[in-house]
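In what follows, every chain begins at residue 1, and chains take the letters A, B, ... in the order their sequences are listed.
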2 protein chains.
Amino acid sequence: MESTRRLTPRRDPQQQRSKDRIQLILEVTARLMDEVGFDDLTTILIAKEAGMSVGTLYHYFPNKHSILRAIARNWLDHWDQVILEINALPIETMEMEEVVNILIDTFARVYQKQKGILHLVRAMFAIPELKDLDERHDEFIIANMANILPQIGINKSLTDRKYIARTYLEMTHALLLVACQQRGTRARQTLEDTRELVYCLFLRHL
Amino acid sequence: MESTRRLTPRRDPQQQRSKDRIQLILEVTARLMDEVGFDDLTTILIAKEAGMSVGTLYHYFPNKHSILRAIARNWLDHWDQVILEINALPIETMEMEEVVNILIDTFARVYQKQKGILHLVRAMFAIPELKDLDERHDEFIIANMANILPQIGINKSLTDRKYIARTYLEMTHALLLVACQQRGTRARQTLEDTRELVYCLFLRHL
DNA sequence: ACCTGAACACCGTTCAAGT
DNA sequence: ACCTGAACACCGTTCAAGT
C-alpha cells in the first residue's frame with residue numbers, strides 16, 4: 001500500500017443503509033455536476049446536499065475523485081456488458097451493414113443513457129486518477145472489437161485489428177458525444193454519418 | 001467589469017524585458033505541464049522555475065488559468081492562420097482528393113507542432129474558463145470549412161455545410177490526437193485512415 | 001458503531017513593505 | 001517603478017470528541 005492513495009470505497013457496504021447512502025452520494029454528485037459545474041463541486045457541498053457531514057462522506061469514499069470514479073465505473077461497466085452481449089451474437093451470419101447498425105445503435109444508447117455524460121467524460125479526461133479506468137475500458141472494448149472484426153470479414157493480424165478497433169473507438173466516441181449535444185434530426189443525421197464512416201473504415205480494411 | 005475575472009494579461013507589455021518575461025512564463029509552464037503533470041502545476045512552482053516570485057508572476061497574468069489560456073491562444077491562432085491560408089488557395093481548380101490531402105497534412109502539422117499538445121487539449125477541455133476560446137476557434141474553423149465545401153462540389157445550405165464541417169472537425173480532432181500518440185508507420189496509417197474517412201464524409205454529402 | 005465538524009495542510013491570490 | 005513573500009481565503013482531508 002504505502003503512499004498510494006485508495007480510490008475504491010473504504011470498505012464494502014454490509015448493510016442496506018450503507019448501500020443506500022453510497023447510492024445517494026453518487027446520485028447527488030451526478031446531479032450537482034450538472035447543476036453547479038465541475039469546479040464548484042466541493043465535498044462539503046456534496047455532503048450537505050446528501051444530508052450528512054463531510055466526515056461521513058469520507059467514511060464511504062476515501063477522497064473526492066473516488067466518487068467520480070464510482071460514477072465512471074458504473075457507466076463503463078454497463079458499456080462493457082453491452083459489448084459482451086454484442087460479441088455473443090451470431091455475427092458471422094450477419095451482413096456487415098447489420099453489424100454496424102447494431103454497434104452504433106447500441107453505443108449511442110449507452111451514451112444517451114448516462115446523465116451528465118459530457119461532464120463525466122470531461123472528468124475522465126481531466127483527472128489523472130481516472131485515466132487507468134478509461135484505459136482499461138478502452139482495451140476491453142478494443143479486444144472485443146478485435147474479436148468481432150474477423151467475423152465481418154476483416155482477417156488481419158491481431159495487432160492490425162486492434163489498431164482498427166482503436167480508430168473505430170476514437171471516431172465513434174467523438175461523434176457520439178457530438179450527437180449527445182444535438183437534438184432530433186441533427187442528432188439522427190450525426191448517427192447516420194457515424195454509421196456510414198464506420199462502414200467506410202471497415203470496408204477499407206477488408 | 002464587476003465580478004468577472006480577468007483572463008487576459010494585466011496590461012500590454014511595453015518593454016522588451018516584460019515581453020521576454022511573459023514568453024519565459026509561457027515556455028516554463030508548457031515545459032512543466034509535461035514534466036510534473038497538470039495537477040502538480042502550481043503557480044509558486046512556475047514562478048520559481050521562471051526565477052521570479054509569485055507576486056511578479058501575478059503582475060503579468062491575473063490568474064493561473066490565464067497562463068494556460070495564453071498558451072492555448074498561441075496554438076489556436078496558428079491554426080486559424082493556417083486555415084485562412086488554405087481558404088486562399090484556388091480550391092475550385094483542384095481535385096477533391098488533393099484538397100483533402102492538403103487539409104489533413106496541414107492539420108496534422110498543426111497538432112505535431114505544439115509541445116505537450118495532449119495536456120493542452122486536456123486543459124482546454126477541463127477548464128471552463130478556456131471553453132469560450134475553444135468554441136470561438138471551432139466556429140472559425142467551421143465557418144472557413146463551410147466556405148471551402150462548395151468549392152469541392154458540396155452545394156448544400158450554409159447550415160448543412162456547417163453541420164458537415166463540425167463532423168469533419170470532431171472526427172479529425174479525435175484521430176489526429178491518436179496519431180500524435182503513435183509513431184512511425186502506425187501514425188502514418190492513422191493519417192491515411194483519417195484522409196480516407198474525410199474523403200468518405202465529403203463524398204457522402206456531395 | 002457511527003457520525004460530527006473544527007482543525008490542518010495546501011494552493012491560488014493579494015497587498016503592504018522593500019529596493 | 002518594480003519586485004517580494006508573508007498572509008489570507010478556500011477546499012480537500014483528518015481525527016478527537018460526541019451520541
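Between the CD1 atom of B:Ile44 and the C1' atom of C:dT14 there is a distance of 12 Å, given to the nearest Å. The separation between A:Leu41 atom CG and D:dC10 atom P is 18 Å, rounded to whole Å. Here C:dC11 presents its P atom at 18 Å from CG of B:Asn63, a figure rounded to the nearest Å. Going from atom NE2 of A:His59 over to atom C1' of C:dC3 covers 9 Å, rounded to whole Å. Rounded to whole Å, atom P of D:dT14 lies 11 Å from atom CG of A:Leu57. Note: CE (B:Met52) to P (C:dG18) measures 23 Å, nearest angstrom. Here the P atom of nucleotide D:dC11 and the CD1 atom of A:Ile46 are 13 Å apart, to the nearest Å. D:dG12 atom P lies 20 Å from atom OH of A:Tyr60, rounded to whole Å.
In this model, the phosphate group of D:dT4 is approached by a side-chain N or O of B:Ser53 to a distance below 4.0 Å at OP1 or OP2. Contact between the side-chain N/O atoms of B:Thr43 and the OP1/OP2 oxygens of C:dG12 is found at a separation under 4.0 Å. For C:dC3, one of the phosphate oxygens OP1 or OP2 lies less than 4.0 angstrom from a side-chain nitrogen or oxygen of A:Arg21. Proximity of A:Arg17 to the phosphate of C:dC3: a side-chain N or O atom is located under 4.0 Å from OP1 or OP2.
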Which donor-acceptor pairs under 3.5 Å do the side chains of residues 173-181 of chain B make with protein atoms, sequence neighbours left out?
from     : atom 1 : to       : atom 2 : distance (Å)
B:His173 : ND1    : B:Tyr111 : OH     : 2.5
B:Gln181 : NE2    : B:Leu177 : O      : 3.1

In a table with atom names and distances, give each donor-acceptor pair under 3.5 Å that connects a side chain of residues 40-55 of chain A to protein atoms at least two apart or in another chain.
from    : atom 1 : to      : atom 2 : distance (Å)
A:Thr42 : OG1    : A:Leu45 : N      : 3.1
A:Glu49 : OE1    : A:Arg31 : NH2    : 3.4
A:Ser53 : OG     : A:Gly55 : N      : 3.4
A:Ser53 : OG     : A:Thr56 : N      : 3.3
A:Ser53 : OG     : A:Thr56 : OG1    : 3.2

Show me the donor-acceptor pairs, under 3.5 Å and distance only, between side chains in residues 96-110 of chain A and residues at least two apart or in other chains.
from     : atom 1 : to       : atom 2 : distance (Å)
A:Asn101 : OD1    : A:Arg195 : NH1    : 3.3
A:Asp105 : OD1    : A:Arg195 : NH1    : 3.1
A:Thr106 : OG1    : A:Ile102 : O      : 2.4

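Contact check for B:Lys115 versus B:Asp34: side-chain heavy atoms found under the 4.5 Å cut-off. Within the 4.5 Å cutoff, the side chain of B:Asp132 has heavy atoms near those of the B:Arg69 side chain.
If A:Gly55 and B:Asp40 are placed on DNA chain C by their nearest nucleotide, the residue sitting closer to the 5' end is A:Gly55.
By the 30° and 60° cut-offs, the orientation of the rings of A:Trp79 relative to A:His137 is tilted.
Residues of residues 24-33 of chain B that place a heavy atom closer than 4.0 Å to DNA chain C do not occur. Contacts between residues 120-128 of chain B and DNA chain D, counted as heavy-atom distances below 4.0 Å, involve no residue at all.
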Note to self: Counting Watson-Crick and G-U wobble pairs with both distances under 3.5 Å, what is the dot-bracket string for DNA chain D, 5' to 3', using [ ] for crossing pairs and | for pairs to another strand?
What the structure shows: ||.|||||...|||||.||
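Applying the salt bridge (Lys or Arg N to Asp or Glu O under 4.0 Å) rule to B:Arg204 yields the partners A:Asp193, A:Glu196; only residues at least two apart in sequence or on another chain are considered. For A:Ala146, the side-chain contact (heavy atoms from CB on, under 4.5 Å) partners are A:Leu158, A:Arg161, A:Lys162, not counting sequence neighbours. Checked against side-chain contact (heavy atoms from CB on, under 4.5 Å), B:Thr159 has the following partners two or more places apart in sequence or in another chain: A:Arg186, B:Ser157. With sequence neighbours left out, B:Phe140 forms a side-chain contact (heavy atoms from CB on, under 4.5 Å) with B:Asp80, B:Ile83, B:Leu84, B:Asn144. With sequence neighbours left out, the side-chain contact (heavy atoms from CB on, under 4.5 Å) criterion links A:Glu85 to A:Gln81. Partners of A:Asp134 under the salt bridge (Lys or Arg N to Asp or Glu O under 4.0 Å) rule, at least two apart in sequence or in another chain, do not exist in this structure.
Distances were taken from every side-chain heavy atom of A:Tyr58 (C-beta onward) to each of C:dT13, D:dC3, D:dT14; the shortest belongs to D:dT14.
Residue contacts shown for A:Thr42 are limited to sugar-phosphate atoms, with no base heavy atom under 4.0 Å away.
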